[in-house]
Structure formats: C-alpha cells, structure tokens
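Please read all numbers here as calculations on a predicted model, not as lab measurements.
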Amino acid sequence: MKKSNLYKGSLTTIILKLLNEHDKMYGYEITQKVKAITNGELKITEGALYPSLHKLEAQGLLDVEVLKVDNRLRKYYKLTEEGVKETVNKLNELEQYIETMRALVNPKFRFE
C-alpha cells in the first residue's frame, strides 16, 4: 500500500486478530504473517510494531513469555482474557468503519 497511514490506525486490531488466531507469536513472525496474508501490500515495520505491542501489554491485553530458541531469547506475545474481549470490540469497530467508508466511496452498494 502506498499510503501506510491508511492502516496505521488499524495496527492494534491487526495484532489482536493475529494473536487471537495463532495463540502466541513473536514480533518478526507477526510482521511476516501480515506480509504473507496481504501478498506484500502491508509491511509492518519494527518501529511501528513494538511500540504497539508494548502498549497492548501495558493495557493488560497481552502477556509476554520469553523462551530460549536456538540459544536466543525470544519474546512471545499472547492475548489475555481481557485481550480476547478487546479483539471482539476492535473487530466490530473496524467492520463498522469499513461499512461506513464503503457507503461513502460507493453509495450504490450501501446496505439499508
């Protein structure tokens, strides 16, 4: 995507959705999963991802587990119970936003 600002506001929702589907993931894994799912259209940088992960952790939405993998420590992120609830809320918000934007961009497809 040329305009990364379009997805920046959805980064939290993207992270929560992926963790909801995959139990636990580490940061690089999240970036690669987004890249694969979107055929390279969305590329999440470490500079955007890690502050979001830390914020979600501070809000009590994520737990962090540090595991040793190939003689390296790797941080895995997992949703808390509150994080699972917030995922549902964020996905509903995003769906409503997309529907609103669809109505604005292409009114003939508006559902009444």
> Would Tyr97 and Glu99 satisfy side-chain contact (heavy atoms from CB on, under 4.5 Å), going step by step from the backbone distance to the final call?
Replying inline: CA-CA 5 Å; Tyr97 176 75; Glu99 189 60 36; over 6 Å; no
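Lys35 contributes atom NZ, which lies 15.5 Å from atom CD1 of Ile30 (distance to the nearest 0.5 angstrom). Here Leu94 contributes atom CG and Ile98 contributes atom CD1; the two are 4.0 Å apart, rounded to the nearest 0.5 Å. With rounding to the nearest 0.5 angstrom, the OG atom of Ser10 is 10.5 Å from the CD atom of Glu93. Taking OH of Tyr77 as the start and CG of Leu62 as the end, the distance is 8.0 Å to the nearest 0.5 Å. Here CD1 of Ile14 is found 12.0 Å from CG of Leu19. Values are rounded to the nearest 0.5 Å. Summarising the geometry, atom CG belonging to Leu18 is positioned 13.0 Å from atom CG belonging to Asp23; distances are rounded to the nearest 0.5 Å.
Side-chain contact check for Leu67 versus Leu73: every heavy-atom pair is 4.5 Å or farther apart. Side-chain atoms of Ile15 and Leu49, non-hydrogen and from C-beta on, do get closer than 4.5 Å to each other. Two residues are said to be in side-chain contact when any heavy atoms from C-beta on lie closer than 4.5 Å; Gln59 and Leu56 meet this criterion. The closest side-chain heavy-atom distance from Leu79 to Leu61 is not below 4.5 Å. Looking at heavy atoms from C-beta onward, Lys17 lies in side-chain contact with Glu21 at the 4.5 angstrom threshold. Residues Arg74 and Tyr76 form a side-chain contact, since some pair of their non-hydrogen atoms from C-beta on lies under 4.5 Å apart.
Nearest heavy-atom pair across Ser52 and Leu11 is OG-CD2, 3.3 Å. Across all their heavy atoms, Thr31 and Ile44 have their closest contact at CG2-O, 3.3 Å. Across all their heavy atoms, Gly60 and Glu82 have their closest contact at O-CB, 4.1 Å. When every heavy atom of Thr38 is checked against every heavy atom of Val34, the shortest pair comes out as OG1-O, 2.8 Å.
Environment of OH in Tyr50: crowded, with over 12 heavy atoms of neighbouring residues, nucleotides or ligands closer than 6.0 Å.
Under the 4.5 Å side-chain heavy-atom criterion for ILVMFWY residues, no single connected hydrophobic cluster contains both Leu16 and Leu91. In this structure, Val84 is a member of the same hydrophobic cluster as Met25, with clusters built from ILVMFWY side-chain heavy atoms closer than 4.5 Å.
Using a 4.0 Å cut-off between a side-chain N of Lys or Arg and a carboxylate O of Asp or Glu, Glu29 and Lys33 do not qualify as a salt bridge. Between Glu65 and Lys24, at least one side-chain N (NZ, or NE/NH1/NH2) sits under 4.0 Å from a carboxylate O, which counts as a salt bridge.
A cation-pi geometry, defined here as NZ or CZ lying under 6.0 Å from the six-membered ring centre and within 45° of its normal, does not hold between Lys75 and Tyr26.
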